Amino acid sequence: MSALTQLATALSAGKIDVIDLTHTLDPDFPVIILPPEFGQCARFRMEEVSAYDHRGPAWKWHNISMSEHTGTHFDAPSHWISGRDVPLGSVDEIPPEKFVGPVCVIDCSAETAQDDDFLMTPDHIRAWEAEHGEIPKGAWVLMRTDWSKRKGAAYLNMKEDGPHSPGPAPDAIRHLIEERDIVGFGTECVGTDAGQGMHLSPPYPAHFILHGAGKYGLQCLTNLDKLPPTGAVLMAAPLKIKNGTGSPLRVLAMVET
Ligand code: MN
């Protein structure tokens with residue numbers, strides 16, 4: 001039997017679950033807030049065009065608007081200055097095979113329950129690999145923090161000195177790229193970087209290093225607690241926006257039951 005026939009048979013037999021790692025697009029879902037001197041990311045908005053009424057008697061539809069970086073979304077290399085000259089760096093140019101691949105989930109939820117500013121280090125990655133095996137080339141690596149369970153103001157966790165949320169240390173991102181050649185890194189928080197990532201070197205290291213290396217980001221993921229550490233397959237295909245730097249998307253994972 002071919003690999004795809006086996007896959008189709010397993011799906012129809014209920015031996016594979018499809019897990020939705022996506023938050024609902026909702027005007028109330030928080031977006032990243034930058035210092036006021038910078039341009040700001042727009043929340044999701046939905047406007048009714050007609051609803052089986054005089055504006056359209058047999059149909060209902062909406063116009064929607066948002067930032068490329070609203071809700072559960074994908075970051076392309078062109079999002080960051082380090083990736084501005086990366087070939088095929090916009091969402092419309094990325095080869096589609098990059099959107100499907102194996103996924104490793106590094107559980108940092110115990111640490112982030114104790115420390116809002118937790119930084120995942122290469123030692124955390126090595127400890128995970130000692131238990132689960134080496135992260136394969138071309139994998140997506142997702143940092144589980146259970147941050148997606150936070151509601152309202154606790155999600156951005158803004159303080160006087162800015163947002164406080166966990167993320168990867170610069171060395172951890174370098175390790176994932178230089179030693180493991182991952183395809184991308186994903187998080188449950190509003191950005192791939194820690195809330196205080198502006199104080200790291202380089203500032204916002206996940207954005208700077210990932211995108212400079214032509215790698216991708218996923219943020220505002222949910223349901224990472226439903227994924228195994230290894231063995232799932234991720235599907236994350238952004239909208240094909242001309243010269244787009246990112247896109248809201250539906251992120252799915254196939255998991256063996
Ligand atoms: Mn983004």
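Owing to the predicted nature of the structure, the values given are computational and were not obtained by experimental measurement. Read the numbers this way: they start at 1 and go in the same order the structure lists the ligands and their atoms. Below, each value reflects all heavy atoms present in this structure, side chains not excepted, and no hydrogens, waters or symmetry copies.
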Is the closest basic N to carboxylate O distance between R180 and E129 below 4.0 Å? yes
Using a strict cut-off of less than 4.0 Å between a Lys/Arg side-chain nitrogen and an Asp/Glu carboxylate oxygen, indicate whether R150 and D116 qualify as a salt bridge. yes
What is the number of protein N, O or S atoms that sit under 2.8 Å away from the Mn ion (ligand 1)? 3
Indicate the atoms forming the closest heavy-atom contact of S201 with P170, along with that distance. O-CG, 3.5 Å
Please determine, by modelled atom types, if D107 and S109 share a side-chain donor-acceptor pair under 3.5 angstrom. yes
Closer than 3.5 angstrom, by distance alone: can the side chain of D117 be matched with the main-chain N or O of H164 as a donor-acceptor pair? no
Answer yes or no: are there more than 12 heavy-atom neighbours, outside R45 itself, under 6.0 Å from its atom CZ? no
